[in-house]
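Excluded from the calculations below are hydrogen atoms, water molecules and symmetry mates; all remaining heavy atoms, backbone and side chain alike, are included. For ligands, and for the atoms within them, numbers begin at 1 and follow the listed sequence.
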Amino acid sequence: MRDVETFREHVKNLGLSLEAEDRIETAPDSPLAKPINIDGFEVGNRWVIHPMEGWDAETDGNPSELVRRRWRNFGRSGAKWIWGGEAMAVLPEARANPNQLLINGDTQDGLARLLEELIETHRQEFGTADDLLVGFQLTHSGRFSKPFRKDRPEPRILYRHPILDRKFHLPGDYPLISDDEIQRIIERFIDAGRIAERCGAAFVDIKHCHGYLGHEFLSAYSRPGPYGGSFENRTRFLREIVEGIRGATSNLKIGVRLSAFDLLPYRPDPEKSEGLKLGPGIPEDASGCLPYEYGFGTDCQDPLHYQLSETERLIELLQQLNIRMLNVTAGSPYYNPHIQRPALFPPSDGYQPPEDPLIGCARQIEATAALKQRFPEMVIVGTAYSYLQDYLPHVAQWAVRAGKTDTVGLGRMVLAYPTLPRDTLEKGVMDPKRICRTFSDCTTGPRQGLVSGCFPLDPFYRKLPEAAIVKKVKASLR
Ligand SMILES: Cc1cc2nc3c(=O)[nH]c(=O)nc-3n(C[C@H](O)[C@H](O)[C@H](O)COP(=O)(O)O)c2cc1C
Ligand code: SF4
């Protein structure tokens, strides 16, 4: 789109309520340049880097040089809030891939150095890191665990999900995680909190999003026993971890990344798919499972729409637990990626976008705004801005200025263009050659067993042989 007017026209034609400011403002006038106070810590600006899982750590869970490079990039981005860096698994069998970072006694020194490198890079680039807030994201991959071999899923599930079990070929007698095992997992999260504090992390995120274990607890309506059924039971996992970490640490803050809503799983339309070429996404058939009690923040009568009443209840609980940091995201990359990370080009195991991806951006921005309005004292990170591309800063400025969110998080955009926050705040311009075009290669590559990274736009990866493989895979899908 050639200018902001054309962008606005397009948004209007789609009937969306997004707005975009006329131009990119620099510091100190930009709303994105304003500091924000979180429980006594002054965060230097409103740009946040979202966590992005790596597929390139050592197999013992320690950071590799590729991981360190990515974290140094986060440090020089200019963003003042690094939300987790990337998901770190609390147990080897909890990894989403065999090269995911692990957080335990054996990786503590490596993680401490990783964090220090990020902070030191930031200090060198910006003169101080006193206003930089960095935390770790703690995860158990649950239903999407693939811990030991890239081609062998080893799901750990809390309840039978009529659609996801079918979609991911789980037999009817596939075992559920027992209550005893849940308690052991909780202990590992508490240990991980202790280790994070020793590493120097300012906070931990108890991940509750994207279909992973924490998120699955929230929709475990049909699970019997102390961890399923009632709202109180479905949030017991979260409460026990928070209480445990508070008892085991002295100064560590806690945040939650939450899929604030979820919708039905999708699949490529078989009528419109040809060979490996994917059709547009269509919802999975849910006619046999209505009312739909398998999604958190999903309208159970009409699961193609969201319903935020339980989400609001959860945020009330976070407030009771003295948690103020909330990173709002949605859905899952495994079964409805267009909800979670709007893109024009699907990953290899996805589907063609079933809607204009701007609708996906707007859906998350609107839900986040509704939550911000309802809970003004929460400090909220907004998600799903990368597809806005050339107009990302224009929309981000509007969203923060209008109080739709407190801060704006960057996911894919920062893999493609690490210094976007700095360039916009200092120069008021972006480098068009580095803008993420949502090619999804950073998802396709790892799903094909390759390392993490932006293969098309980051010159470092373009030189690697992996880039040619990603190209080949994509060509075969066309
Ligand atoms: C390669 C990749 C890895 C990701 N890994 C994580 C992760 O570890 N934890 C998490 O909460 N979200 C993860 N996400 C989701 C992003 O944080 C973000 O929510 C999503 O990409 C949408 O934001 P964007 O439009 O700015 O990309 C990942 C996304 C990508 C593309
Ligand atoms: S591969 Fe690069 S351009 Fe494509 S979605 Fe990922 S970050 Fe964006």
Of Asn45, Thr424, Leu425, the one forming a side-chain contact (heavy atoms from CB on, under 4.5 Å) with Leu32 is Leu425
Under a 4.0 Å threshold between the charged nitrogen and the carboxylate oxygen, would Arg434 count as salt-bridged to Asp431?
no
Taking the six-membered ring of Tyr334, is the NZ or CZ of Arg447 close enough (under 6.0 Å from the centre) and on axis enough (within 45°)? yes
- request: Could you check Tyr212 against His215 for ring pair (Phe, Tyr, Trp, His ring centres under 6.0 Å), going step by step and ending with a plain yes or no?
  value: CA-CA 5 Å; Tyr212 295 112; His215 187 206; 9.0 Å; no
Does the separation of the ring centres of His10 and Phe7 fall below 6.0 angstrom? no
Excluding water, the protein N, O or S atoms sitting under 2.8 Å from atom 8 (Fe) of ligand 2 are Cys436 SG
ask   = So is Arg234 actually on top of Tyr227's ring, under 6.0 Å and inside 45° of the axis?
value = no
Practice prompt. Could you please spell out the steps behind the ring pair (Phe, Tyr, Trp, His ring centres under 6.0 Å) verdict for Phe455 and Phe439?
Written response: CA-CA 9 Å; Phe455 294 99; Phe439 295 125; over 10 Å; no
By chain and number, the residues contacting ligand 1 below 4.0 angstrom (heavy atoms only) are His50, Pro51, Met52, Glu53, Trp55, Ala87, Gln137, Lys207, Cys209, His210, Arg257, Gln340, Arg341, Thr383, Ala384, Tyr385, Ser386, Leu410, Gly411, Arg412, Cys442
| task | Please examine the side chains of Lys150 and Pro98, heavy atoms only from C-beta on, and report whether any two atoms are closer than 4.5 Å. | result | yes
Checking Asn327, Thr311, Ile206, Leu371 against Leu258 for side-chain contact (heavy atoms from CB on, under 4.5 Å), the one that qualifies is Thr311
